[in-house]
Asker: 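Dropping the structure in here first, questions after.
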Protein chains: 2
Amino acid sequence: MYARTLGTVGDSRSQSRSHGASGERPESTSRAERKERTRQRLLDVTLHLVNERSLSAISLREVAREAGIVPTAFYRHFASMDELGVALVDESMRPLRQMIRDARRGRAAHSDIIVDTVAVLAKQVRGHSDQFSFLTRERFGGVAAVRRAIATDLRLFTSDLTVDLARLTAGYDWSTDDLEMAADLMVTSMLGTVMDLLEVDERHPEDTAAILDLAERQLRLIVLGMGAWRSKP
Amino acid sequence: MYARTLGTVGDSRSQSRSHGASGERPESTSRAERKERTRQRLLDVTLHLVNERSLSAISLREVAREAGIVPTAFYRHFASMDELGVALVDESMRPLRQMIRDARRGRAAHSDIIVDTVAVLAKQVRGHSDQFSFLTRERFGGVAAVRRAIATDLRLFTSDLTVDLARLTAGYDWSTDDLEMAADLMVTSMLGTVMDLLEVDERHPEDTAAILDLAERQLRLIVLGMGAWRSKP
DNA sequence: GTTTTCAGTGCACGTTTGTACACTCACTAG
DNA sequence: CTAGTGAGTGTACAAACGTGCACTGAAAAC
């Protein structure tokens with residue numbers, strides 16, 4: 001058994017060379033660059049693996065194997081899989097933050113905010129399904145540290161939206177608390193949309209349109225509710 | 001190692017006796033009863049274990065050990081942990097279904113449906129936190145079979161609510177599609193409430209009230225939106 | 001009373017896991 | 001040019017895992 005391991009040492013090394021995540025440059029790499037490259041490969045590989053199994057069901061050895069390094073080398077980058085998970089939250093939140101920025105940019109141009117927002121959401125989910133899948137899956141999934149990291153970032157997201165809503169409802173006298181309530185409902189609703197999108201994209205991509213229509217109508221319903229809020233407090 | 005296992009067999013058996021799920025009757029048990037008892041113990045034990053780790057991170061051996069049987073005896077009840085997971089979905093959906101019934105019953109008596117509904121929800125979550133925790137955790141968590149089972153039951157839940165909404169909005173001419181949309185938003189919102197409740201109950205039970213208040217306001221916002229829906233289709 | 005059934009036992013196996021330890025050797029700093 | 005650093009290697013091990021197989025013994029069926 002271990003003799004076999006010895007026999008495949010050559011394989012292991014050549015795999016390590018050929019497994020380059022993105023660069024594929026065999027030269028012109030400083031030591032720090034190469035380390036960062038490997039770290040990124042660990043993150044990428046885990047993101048792919050987590051698409052079909054939860055993070056807590058993925059082994060350190062599997063990640064290392066897939067990244068083309070020996071298990072013990074993993075520790076040069078992360079103290080544990082949990083720590084990698086937390087790092088992966090940061091990594092995965094980037095497209096989500098980008099999404100907000102995109103949504104704000106396109107706002108002034110068109111008339112219908114809701115249609116734009118949902119379209120941006122759909123595009124981001126399609127383009128970064130691995131990240132969204134990871135976030136929605138681990139949000140209430142396995143490791144406590146990861147769950148907390150996601151919850152924190154998501155709260156920031158909601159309070160960002162609250163600020164936006166405050167700007168839009170400047171005329172009416174909404175309390176911050178009520179605005180937060182509405183923002184929270186919107187985020188919850190759109191997170192539901194994300195989950196639906198992720199589940200449907202795998203088999204029948206044709207009813208993506210139905211999901212997006214549902215999302216738009218739900219957001220519209222909320223906005224209508226906000227319009228009627230003051231009249232019946 | 002195996003000598004040690006042999007040494008603790010006595011413990012294991014006595015544990016098996018003291019671990020009784022509900023009955024605690026050492027006598028007057030038919031074979032079928034005893035089997036059912038053990039099956040239930042496997043389900044209960046897994047439900048407890050799944051409170052801190054996702055289902056896919058729990059081993060068959062661990063469940064068997066905790067239930068006081070030898071690992072191979074597990075197969076007398078379930079072919080795999082996945083199958084047990086699916087059975088656990090059914091088991092966990094029961095209090096949820098009970099919840100609907102309770103909500104319907106209390107409806108005629110009081111005036112405010114929303115306050116009643118949220119109160120019933122809170123009570124059920126408090127009383128059956130293990131089940132709710134399992135459902136919300138595994139809804140997008142690990143095993144595909146379990147995920148599908150939950151999704152199916154949840155769809156039934158939503159369409160039940162749609163029927164209720166149809167009765168309440170008998171006067172207005174809502175389309176079934178729009179009613180379903182509103183019902184879906186309500187379910188999504190209340191599922192978010194459940195998740196919040198589960199996360200908070202662990203540490204500071206004092207701000208449960210704040211969560212329930214949020215839930216009530218969000219439902220009220222949706223209802224207000226429904227009232228305004230026709231005016232701006 | 002004899003036979004059949006079957007939930008639960010005990011042992012064994014091959015795999016995979018996380019991690020400790022000593023190492024190599026290309027790059028970096030001096 | 002030399003010394004040191006540190007990312008990655010190779011070996012080892014104890015523990016846990018899922019599962020196959022032959023078994024026991026009390027309850028069920030006859």
Asker: I want to confirm an ordering. Mapping B:Ala73 and A:Glu62 to their closest nucleotides on DNA chain C, which one lands closer to the 5' end?
Answerer: B:Ala73

Asker: Starting from C1' on D:dA15, measure out to CZ on A:Arg61 and report it in whole angstrom.
Answerer: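 Roughly 12 Å, once rounded to whole Å.
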
Asker: Measure from CG on B:Asp82 to C1' on D:dT19 and round the result to the nearest Å.
Answerer: 15 Å

Asker: Between the protein and nucleotides 24-30 of chain D, list every N/O to N/O distance that falls short of 3.5 Å.
Answerer:
unit_1 : atom_1 : unit_2  : atom_2 : d
D:dA28 : OP1    : B:Arg31 : N      : 3.2

Asker: Whole Å only: how far is the CZ atom of B:Arg37 from the P atom of C:dG8?
Answerer: 11 Å

Asker: Rounded to the nearest 0.5 Å, how far apart are CZ of A:Arg65 and CG of A:Leu49?
Answerer: 9.5 Å

Asker: So B:Leu154 and B:Arg139, do their side chains get closer than 4.5 Å, heavy atoms only?
Answerer: yes

Asker: Out of D:dA7, C:dG18, D:dT19, which has the shortest distance to the side chain of A:Leu60?
Answerer: C:dG18

Asker: Which part of the nucleic acid, if any, lies within contact of A:Thr38, taking any heavy atom under 4.0 Å across all strands shown: a base, the sugar-phosphate backbone alone, or nothing?
Answerer: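 Since only primed, P, OP1 and OP2 atoms lie under 4.0 Å of A:Thr38, the category is sugar-phosphate.
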
Asker: Atom NZ of A:Lys35 and atom C1' of D:dT9: how far apart are they, to the nearest Å?
Answerer: 16 Å

Asker: Among all residues two or more places apart in sequence or in another chain, which pass the salt bridge (Lys or Arg N to Asp or Glu O under 4.0 Å) test with A:Glu216?
Answerer: none

Asker: Measure the distance from CD1 on A:Ile58 to C1' on C:dG18 and round it to the nearest whole Å.
Answerer: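 About 16 Å, once rounded to whole Å.
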
Asker: Out of A:Leu165, A:Leu191, A:Asp164, which residue meets the side-chain contact (heavy atoms from CB on, under 4.5 Å) rule with A:Met186?
Answerer: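 Single pass found, and it is A:Leu165.
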
Asker: To the closest 0.5 Å, what do you measure between OG1 (A:Thr158) and CG (A:Asp153)?
Answerer: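 Answer rounded to 0.5 Å: 11.0 Å.
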
Asker: Can a side chain N or O of A:Arg65 be found less than 4.0 Å away from OP1 or OP2 on C:dG18?
Answerer: no

Asker: Say whether, by atom type as modelled, one donor and one acceptor occur between the side chain of B:Glu138 and the main chain of B:Val146 under 3.5 angstrom.
Answerer: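 No: the side chain of B:Glu138 does not pair with the backbone of B:Val146.
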
Asker: Report each atom pair, protein N/O against N/O of nucleotides 20-24 of chain C, whose distance is under 3.5 angstrom.
Answerer:
none

Asker: Any luck finding a side-chain donor-acceptor pair between B:Arg37 and B:Gln40 under 3.5 Å?
Answerer: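 There is no such pair between these side chains.
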
Asker: Whole angstrom is fine here: how far is it from CZ in A:Phe74 over to P in C:dT17?
Answerer: 13 Å

Asker: For the atom pair CZ (B:Arg41) and OG1 (B:Thr38), what is the distance rounded to the nearest 0.5 Å?
Answerer: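 One gets 4.5 Å once the value is rounded to the nearest 0.5 Å.
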
Asker: Give the rounded distance in Å between these two atoms: CD of A:Gln40 and C1' of D:dA7.
Answerer: 17 Å

Asker: For the CG atom of B:Leu197 and the OG1 atom of B:Thr136, what is their distance to the nearest 0.5 Å?
Answerer: 10.5 Å

Asker: What is the distance, rounded to the nearest whole Å, between atom CZ of B:Phe78 and atom C1' of C:dA7?
Answerer: 14 Å

